[in-house]
Amino acid sequence: MPVAWTHVGRFWTNGEPFLALDETLLPEWRGMSGQAYEALVPRLDYELTGVPVGSGTAAIVLTDPEIGDEGWLEVFRADDGSVAVVQANADDYRGTLELALRFPVTGDQAGDPVAVPSGRLAFISAALDGTGDDGALLMPESPGPTPHTDDLDDDVLDPGSPLLVVPPGTFGLSVLWRTELAEDAAFARWLFTRTDR
């Protein structure tokens, strides 16, 4: 039976990578005030899918510049507990997101596992701190329809980053880099799947 996906949030990137990590690790990430982001940048490539943060690991959502230097990263939750992040560039934005969620995982690159013992999975810009004055603005998930456009609402100064409530446990990460569906439609996908059910 096909997995059903629900859009639960989105976050804006200016090209910087994002981290997916357990909420309890947020105080340990000092991307801005501790120069952790500057230290991370020289190491970034398609093979690096995780980075140590405190006593745990954060997954890296490394945006694909071939899809766009800036734009939305869309977050979805499946009825089986999986979480997906999709970056897309297409005239039919909504249709491309929906195809990306159904696209086979056979070509995915396996990534580092992410433990979420607190049951709260946060997505933050790696260029920011996890908490404090330079910290990311975390927003609770907001289930709703799949977006039909990738336009940025000029009225939103900081759309924030999603904080998802998930069953405590470990998620395996798989990444599907730039995949072209048509001449005017491409996407990348980061899929987080429970490994300890």
Side-chain angles (χ1 to χ4, degrees), residues 8-77 83-87 109 111-142 150-175 177 188-192:
V8 294
R10 61 192 335 202
F11 45 101
W12 183 264
T13 176
N14 290 311
E16 80 278 17
F18 277 72
L19 303 180
L21 70 168
D22 187 271
E23 184 187 38
T24 60
L25 299 177
L26 290 174
E28 306 295 330
W29 181 255
R30 291 286 172 251
M32 184 177 290
S33 64
Q35 287 75 51
Y37 180 59
E38 287 184 21
L40 176 64
V41 167
R43 300 174 50 210
L44 292 173
D45 63 36
Y46 289 155
E47 300 301 316
L48 184 68
T49 59
V51 60
V53 177
S55 61
T57 298
I60 297 175
V61 177
L62 179 61
T63 55
D64 194 322
E66 291 187 30
I67 294 177
D69 292 330
E70 62 177 22
W72 290 112
L73 296 173
E74 309 289 358
V75 183
F76 298 86
R77 181 199 294 274
V83 173
V85 177
V86 180
Q87 179 188 14
Q109 169 191 331
D112 292 2
V114 180
V116 190
S118 74
R120 295 172 71 82
L121 175 63
F123 291 89
I124 64 166
S125 168
L128 298 177
D129 290 351
T131 58
D133 293 340
D134 297 319
L137 173 64
L138 293 173
M139 303 294 290
E141 60 188 279
S142 179
D150 60 355
D151 293 342
L152 176 63
D153 187 345
D154 293 333
D155 295 334
V156 180
L157 296 178
D158 184 355
S161 299
L163 177 64
L164 308 185
V165 176
V166 298
T170 300
F171 289 80
L173 170 63
S174 65
V175 186
W177 297 110
R189 180 187 66 201
W190 295 262
L191 182 62
F192 298 85

Working to the nearest 0.5 Å, report the span between [atom1] of [X] and [atom2] of [Y].
| X | Y | atom1 | atom2 | answer |
| --- | --- | --- | --- | --- |
| Leu19 | Thr57 | CG | OG1 | 11.0 Å |
| Leu21 | Trp29 | CG | CH2 | 9.5 Å |
| Trp190 | Leu73 | CH2 | CG | 6.0 Å |
| Ile60 | Tyr46 | CD1 | OH | 13.5 Å |
| Thr49 | Asp112 | OG1 | CG | 3.5 Å |

Val116 and Asp22: CA distance, side-chain angles, deciding distance, side-chain contact (heavy atoms from CB on, under 4.5 Å) verdict: CA-CA 5 Å; Val116 190; Asp22 187 271; 3.4 Å; yes
Could you tell me which non-hydrogen atom of [X] sits nearest to which non-hydrogen atom of [Y], and how far apart they are?
| X | Y | answer |
| --- | --- | --- |
| Trp177 | Leu62 | CZ3-O, 3.2 Å |
| Ala58 | Val53 | CB-CG2, 3.8 Å |
| Val114 | Ala20 | CG1-O, 3.8 Å |
| Leu26 | Leu138 | CD1-CD1, 3.5 Å |
| Pro162 | Val75 | CG-CG2, 3.8 Å |
| Pro27 | Thr131 | CA-OG1, 3.7 Å |

Worked verdict on Phe192 versus Leu164 for side-chain contact (heavy atoms from CB on, under 4.5 Å): CA-CA 12 Å; Phe192 298 85; Leu164 308 185; over 6 Å; no
Between Gln87 and Thr63: side-chain donor-acceptor atoms closer than 3.5 Å: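 No.
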Distance-only side-chain donor-acceptor flag, Arg10 / Ser161, under 3.5 Å: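 There is no such pair between these side chains.
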Verdict with supporting geometry, Leu173 and Phe171, side-chain contact (heavy atoms from CB on, under 4.5 Å): CA-CA 6 Å; Leu173 170 63; Phe171 289 80; over 6 Å; no
Under 3.5 Å donor-acceptor, Glu23 side chain and Ser118 backbone: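 A pair under 3.5 Å: no.
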Donor-acceptor pair, side chain of Glu141 and main chain of Val165, under 3.5 angstrom: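 Yes, Glu141 side chain to Val165 backbone: donor-acceptor pair under 3.5 Å.
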side-chain contact (heavy atoms from CB on, under 4.5 Å) partners of Asp133, counting only residues at least two apart: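 For Asp133 there are no side-chain contact (heavy atoms from CB on, under 4.5 Å) partners, ignoring immediate neighbours.
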Flag if over 12 foreign heavy atoms under 6.0 Å of CG, Asp69: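 At most 12 heavy atoms, drawn from other residues, nucleotides or ligands, come within 6.0 Å of this atom.
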Criterion side-chain contact (heavy atoms from CB on, under 4.5 Å) on Arg77 and Val166, from CA distance to verdict: CA-CA 10 Å; Arg77 181 199 294 274; Val166 298; 3.8 Å; yes
Scan the side chains in residues 32-44 for donor-acceptor partners under 3.5 Å anywhere in the protein, sequence neighbours excluded, and list what turns up.
| from | atom 1 | to | atom 2 | distance (Å) |
| --- | --- | --- | --- | --- |
| Ser33 | OG | Asp129 | OD1 | 3.4 |
| Ser33 | OG | Asp129 | OD2 | 2.7 |
| Gln35 | NE2 | Met32 | O | 3.4 |

Aromatic ring pairing Phe11/Phe18, orientation class (parallel under 30°, perpendicular over 60°, tilted between):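 Aromatic pair Phe11/Phe18 classed tilted.
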